[in-house]
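Here the structure comes first, spelled out in structure tokens, and everything after it is commentary.
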Amino acid sequence: MPDGHRSGFACFVGRPNAGKSTLTNALVGTKVAITSSKPQTTRHAIRGIVHRPDAQLVIVDTPGLHRPRTLLGQRLNDLVMSTWSEVDVIGFCVPADQRTGPGDRFIAQQLAKVSRRTPVIAVITKTDLATPAQIAEQLVAVQGLMEFADIIPVSAVDGFQVGQLSDLLVAQLPDGPPLYPEGELTDEPEVTLVAELVREAALEGVRDELPHSIAVVVEEMEFREGRDDLIDVRAELYVERPSQKGIILGHKGERLKSVGTAARTQIEALLGTKVYLDLHVKVAKDWQRDPKQLRRLGF
């Protein structure tokens, strides 16, 4: 281990759809967190690992903090808050193309309570969608939210200042050896990543009310007997109402077929082998509000 090597944990927080997952993927250099234009896409604290000669930075991508309306929402918020207490540095993501609002002020109030022991860096995301004037205005607005260790504008899409953000985060880490083997990019089990890729494909193009209602469980994932080049994956997509099942299936099952095709491409890239993907849609009535069903679905 070289002298002065640092290692530790960072997490990104922000309201839903602030660009946290896209930024995590940009820093890691590959896709470890699913992304979607729909808010509240992230439901797990996904860990992405950034390997540098001088440091190893483990990024925990958390769900967006929001005012919860369901038991699931409350559990996701609890997950965010517990993550804050376990990391070395926090990145507070605020999109450059949207005015700061009550959601940002609420998060800043919560972060101000932990900033005495954990440094908080303000990250102005999505600068590729904003004019220079908007970015300047946002920098001033964000400075008024709380006391930050640093403020930096970035764009995960065109790579603007992503390297500099990595430097700022690493500077806050303690000295220490690497925590994960070289080349490992996430500590998420493959089965979790596969379920997330299916959910990402299912989220695309559905109506706005549906994203929160979709959960995915991989029931089976193993090499086909006698083959070492084909993995059979059987996954269940759960929705809350029969009408939602119809939306996911589409006319004569066409929509589910296109979800399967899109997901299979991503899963094959992840696993590095051919995949036979078998998808089924089931109704689990009001699962977001039912403690027993939440447990069964992994929350």
Side-chain angles (χ1 to χ4, degrees), residues 1-15 18-33 35 42 45-65 80-96 104 107-108 110-112 114-128 135 138-139 142-143 145-180 182-188:
M1 185 185 84
D3 283 347
H5 187 278
R6 294 170 182 263
S7 61
F9 294 82
C11 79
F12 291 131
V13 299
R15 55 188 157 92
K20 302 178 292 294
S21 297
T22 309
L23 193 53
T24 297
N25 292 339
L27 281 158
V28 174
T30 190
K31 183 175 189 160
V32 292
T35 57
T42 304
I46 302 281
R47 288 197 174 113
I49 304 157
V50 181
H51 298 273
R52 300 173 27 145
D54 61 334
Q56 191 179 78
L57 172 67
V58 184
I59 301 168
V60 187
D61 178 38
T62 57
L65 202 63
V80 176
M81 301 287 200
S82 68
T83 302
W84 292 0
S85 63
E86 297 164 0
V87 297
D88 301 294
V89 56
I90 297 168
F92 176 22
C93 295
V94 183
D104 299 305
I107 294 168
Q110 305 304 312
L111 285 172
V114 300
S115 63
R116 279 188 294 280
R117 63 176 185 276
T118 307
V120 180
I121 294 170
V123 186
I124 312 297
T125 58
K126 306 187 182 186
T127 57
D128 53 293
I135 296 166
Q138 194 67 306
L139 284 166
V142 167
Q143 273 172 333
L145 289 174
M146 62 173 278
E147 192 75 36
F148 291 104
D150 231 309
I151 299 183
I152 181 170
V154 303
S155 167
V157 171
D158 61 21
F160 173 64
Q161 299 215 119
V162 170
Q164 287 88 326
L165 173 61
S166 179
D167 291 342
L168 288 179
L169 295 170
V170 163
Q172 301 289 352
L173 303 182
D175 288 345
L179 303 165
Y180 291 91
E182 182 65 40
E184 206 165 294
L185 299 174
T186 180
D187 68 349
E188 280 298 299

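Listed by chain and residue number, nothing satisfies the side chain to side chain donor-acceptor pair (under 3.5 Å) test with D175 (two or more places apart in sequence, or in another chain).
When all heavy atoms are compared, the tightest approach of I124 to A96 is CG2-CB, 3.6 Å. Among all heavy-atom pairs drawn from T125 and A18, the shortest one is OG1-O, 2.7 Å. Minimum interatomic distance between Q172 and A149 (heavy atoms only, all atoms of both residues): NE2-CB, 4.1 Å. Q56 approaches L179 most closely through the heavy-atom pair OE1-N, 2.6 Å. When all heavy atoms of A10 and V87 are compared, the pair lying nearest together is C-CG1, 4.1 Å. In terms of heavy atoms, F92 sits closest to D104 at CZ-O, 3.6 Å.
Atoms CG and CG, on L57 and L169 in that order, are 5.5 Å from each other to the nearest 0.5 Å. For the atom pair CG of L23 and CG of L165, the computed distance is 5.5 Å after rounding to the nearest 0.5 Å. A distance of 10.5 Å separates CZ of F148 from CD1 of I90, quoted to the nearest 0.5 Å. For the atom pair NZ of K126 and SG of C93, the computed distance is 10.0 Å after rounding to the nearest 0.5 Å. Atom CZ of R15 is separated from atom NZ of K20 by 9.0 Å, given to the nearest 0.5 angstrom. Between T24 atom OG1 and F12 atom CZ the span is 5.5 Å, to the nearest 0.5 Å.
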side-chain contact (heavy atoms from CB on, under 4.5 Å) between I121 and I152, worked out: CA-CA 8 Å; I121 294 170; I152 181 170; 4.2 Å; yes

Stepwise side-chain contact (heavy atoms from CB on, under 4.5 Å) check, S155 with Q161: CA-CA 7 Å; S155 167; Q161 299 215 119; over 6 Å; no

Test log, rule side-chain contact (heavy atoms from CB on, under 4.5 Å), inputs F160 and D128: CA-CA 8 Å; F160 173 64; D128 53 293; over 6 Å; no

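Proximity of a side-chain donor or acceptor of Q138 to a complementary backbone N or O of P95 within less than 3.5 Å is detected. No side-chain donor-acceptor contact under 3.5 Å links T118 to the backbone of V89. A donor-acceptor contact shorter than 3.5 Å links the side chain of T127 to the backbone of V154.
Note on residues 154-170: pairs passing salt bridge (Lys or Arg N to Asp or Glu O under 4.0 Å), not counting sequence neighbours, are R52-D167.
D54 has no carboxylate O lying under 4.0 Å from a charged side-chain N of R6, or vice versa, which leaves the two without a salt bridge.
Heavy atoms of other residues, nucleotides or ligands lying less than 6.0 angstrom from CD of Q164 number more than 12.
Side-chain contact check for E147 versus S115: every heavy-atom pair is 4.5 Å or farther apart.
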